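We're numbering straight along the sequence, starting at 1. This one's a predicted model, so the numbers in the text were calculated from it and none came from an experiment.
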Amino acid sequence: MKKSVFIGALAFAGLAAGAAAAQSTLEEVTNRGELRCGVSTGLVGFAAPNSAGEWEGFDVAVCRAVAAAVLGDPSAVEFIPTTGKTRFTSLNSGEIDMLARNTTWTFSRDVDLNFEFTGVNYYDGQGFMVPASLGVSSATELDGATVCIQTGTTTELNLADFFRSNGMSYEPVPIETNAEAQQQFLAGTCDVYTTDASGLAATRAAFPNPGDYVLLPEIVSKEPLGPLVRHGDNQWGDIVRWTLNALITAEELGVTGADAANPVESNNPEVNRLLGTAGTLGEMLGLDNAWAARAIAASGNYGEIFEANIGESTAIGLARGLNAQWTDGGLLYSPPFR
């Protein structure tokens, strides 16, 4: 009996020592000197390499903001392309520190897959794109169509639900990446491409003749897209969550990237807390007080990031819509910095 107790005590001590030795994600990122961020395999406007091979886009800016907050350098990021199938494995295995690639926040992904969504950076919904030559003006006219659909996504399930509820049939053409979908769709392998409406707009913008393709009016789902991390590391989850909140709050308070790069004391106490000229919010995260100022300075506030990458003045041409600030009738809303 005593021997069993002794062995049990040793085993417990070994487990405790192993747990103590395990590094937090913040420690791993800091020691490595680089953030590993999972992104899409290439979706113009959201995450794609430019002609110089540098990653840029709306989701990329979130990664750079986190790197700036934690490491003081928005370029200290390794961008790791992931597909709909590989993204969760990459995050769960520790290959990446966070995922920022048009991923929908759902119950099962949050709870069953043991991930933690750290907010919504784009409120979206699933749509449909067809060639104008098909002569279709509504998704309810797609009975019998062949549909390009990315595997391992909520889009698959939404598509099945929509066609079933409308008494229609379809033939799926499974694809894994947006590049493959674009190739198959342009080649006429499928009549329809369905994914998040923002993704359709980004894909169409990259076509040789964008005007030859139509986005149908139906939006058939809710797709709140946002960055996510693994369960169990609350500090890291807080860092990613509040970095995103900092970008959103900065726009609400009128703080630009240029303002954040050279912060001065403001008459607004929340601006001072946000930029670290007052208070100790950074210490609560295990960072210094200038963390949020660096995050905002990296690519600008939320509005600046939106307009530069996917806004109405870009080839993607997306209006703010639901992604406007709550003060402008949208859903964008951050808890207060206090």
Keeping the roles fixed (side chain from [X], backbone from [Y]), state whether a donor-acceptor pair exists under 3.5 Å.
{"X": "Arg109", "Y": "Thr106", "result": "no"}
{"X": "Asp288", "Y": "Ala290", "result": "yes"}
{"X": "Arg273", "Y": "Ala278", "result": "no"}
{"X": "Asp196", "Y": "Gly199", "result": "no"}

*asked:* Listing request: all side-chain hydrogen bond (donor to acceptor under 3.5 Å, both in side chains) pairs with a residue in residues 296-320, at least two apart in sequence or in separate chains.
replied: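 side-chain hydrogen bond (donor to acceptor under 3.5 Å, both in side chains) check on residues 296-320 returns Glu251-Arg320.
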With a 3.5 Å cut-off and no angle check, do the side chains of [X] and [Y] form a donor-acceptor pair?
{"X": "Trp105", "Y": "Asp110", "answer": "yes"}
{"X": "Thr86", "Y": "Thr89", "answer": "no"}
{"X": "Ser138", "Y": "Thr140", "answer": "yes"}
{"X": "Asp191", "Y": "Thr146", "answer": "yes"}

Can you get from [X] to [Y] by hopping between Ile, Leu, Val, Met, Phe, Trp and Tyr side chains that sit under 4.5 Å apart?
{"X": "Trp291", "Y": "Trp236", "result": "yes"}
{"X": "Val120", "Y": "Leu113", "result": "yes"}
{"X": "Leu322", "Y": "Tyr333", "result": "no"}
{"X": "Val229", "Y": "Leu285", "result": "yes"}
{"X": "Val70", "Y": "Leu281", "result": "yes"}

Measuring from atom [atom1] of [X] to atom [atom2] of [Y], what distance do you get when rounded to the nearest 0.5 angstrom?
{"X": "Trp326", "Y": "Ile248", "atom1": "CH2", "atom2": "CD1", "value": "13.0 Å"}
{"X": "Glu180", "Y": "Thr41", "atom1": "CD", "atom2": "OG1", "value": "9.5 Å"}
{"X": "Gln183", "Y": "Ile175", "atom1": "CD", "atom2": "CD1", "value": "11.0 Å"}
{"X": "Thr195", "Y": "Asn178", "atom1": "OG1", "atom2": "CG", "value": "7.0 Å"}
{"X": "Gln325", "Y": "Ser334", "atom1": "CD", "atom2": "OG", "value": "8.5 Å"}
{"X": "Glu28", "Y": "Arg36", "atom1": "CD", "atom2": "CZ", "value": "8.5 Å"}

How about [X] and [Y]: do any of their side-chain heavy atoms sit closer than 4.5 Å?
{"X": "Met129", "Y": "Leu216", "result": "no"}
{"X": "Thr194", "Y": "Gln126", "result": "yes"}
{"X": "Asn268", "Y": "Leu253", "result": "yes"}
{"X": "Met98", "Y": "Val62", "result": "yes"}
{"X": "Leu275", "Y": "Val271", "result": "yes"}
{"X": "Ser24", "Y": "Gln235", "result": "yes"}
{"X": "Leu26", "Y": "Ile239", "result": "yes"}
{"X": "Phe306", "Y": "Asn323", "result": "yes"}

*asked:* Test side chain to side chain contact (heavy atoms under 4.5 Å, CB included) on Leu318 and Tyr122; report intermediate values, then the result.
replied: CA-CA 11 Å; Leu318 294 174; Tyr122 193 92; 3.4 Å; yes
*Begin with the C-alpha distance, continue with both residues' side-chain angles, and end with the deciding distance and a verdict on side chain to side chain contact (heavy atoms under 4.5 Å, CB included) for Asn92 and Phe115.*
CA-CA 8 Å; Asn92 190 53; Phe115 295 132; 4.1 Å; yes
*Decide side chain to side chain donor-acceptor pair (under 3.5 Å) for Thr256 and Asp259; before the verdict, give the C-alpha distance in whole Å, the side-chain angles of both, and the deciding distance to 0.1 Å.*
CA-CA 5 Å; Thr256 67; Asp259 295 332; 3.0 Å; yes
*For side chain to side chain contact (heavy atoms under 4.5 Å, CB included), just list the numbers for Thr103 and Leu225, CA-CA rounded to whole Å, side-chain angles, deciding distance to a tenth of an Å, and then say yes or no.*
CA-CA 5 Å; Thr103 297; Leu225 311 179; 5.9 Å; no
*Can you list the steps and then say if Thr25 with Asp97 is a side chain to side chain donor-acceptor pair (under 3.5 Å)?*
CA-CA 7 Å; Thr25 306; Asp97 306 307; 5.8 Å; no
*With sequence neighbours excluded, tell me which residues meet side chain to side chain contact (heavy atoms under 4.5 Å, CB included) with Ala132.*
Val214
*asked:* Once side chain to side chain donor-acceptor pair (under 3.5 Å) is applied, do any residues pair with Asp73, and if so which ones, sequence neighbours excluded?
replied: Ser75
_Results of side chain to side chain donor-acceptor pair (under 3.5 Å) for Arg241 - residues two or more places apart only_ = Glu116, Asp238
*Hey, would you say the Tyr193 and Phe128 ring centroids sit under 6.0 Å apart?*
no
*Step by step, work out the side chain to side chain contact (heavy atoms under 4.5 Å, CB included) result for Leu142 and Val130.*
CA-CA 10 Å; Leu142 295 177; Val130 298; 4.2 Å; yes
_Once salt bridge (Lys or Arg N to Asp or Glu O under 4.0 Å) is applied, do any residues pair with Glu252, and if so which ones, sequence neighbours excluded?_
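Listed in chain order: nothing, the list is empty.
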*Anything under 30° is parallel, anything over 60° is perpendicular, the rest tilted; go ahead and classify Phe58 against Phe46.*
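Rings of Phe58 and Phe46: perpendicular, over 60°.
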*Fit a plane to each ring of Phe163 and Tyr170, take the angle between them on a 0 to 90° scale, and name the class: parallel (under 30°), tilted (30 to 60°) or perpendicular (over 60°).*
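Plane angle between 30° and 60°, so tilted.
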*Can you run down the salt bridge (charged side-chain N to carboxylate O under 4.0 Å, His left out) pairs that involve residues 211-236, sequence neighbours left out, and say none if there aren't any?*
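Found none.
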*Pairing of Asp59 and Arg64 as salt bridge, 4.0 angstrom limit*: no
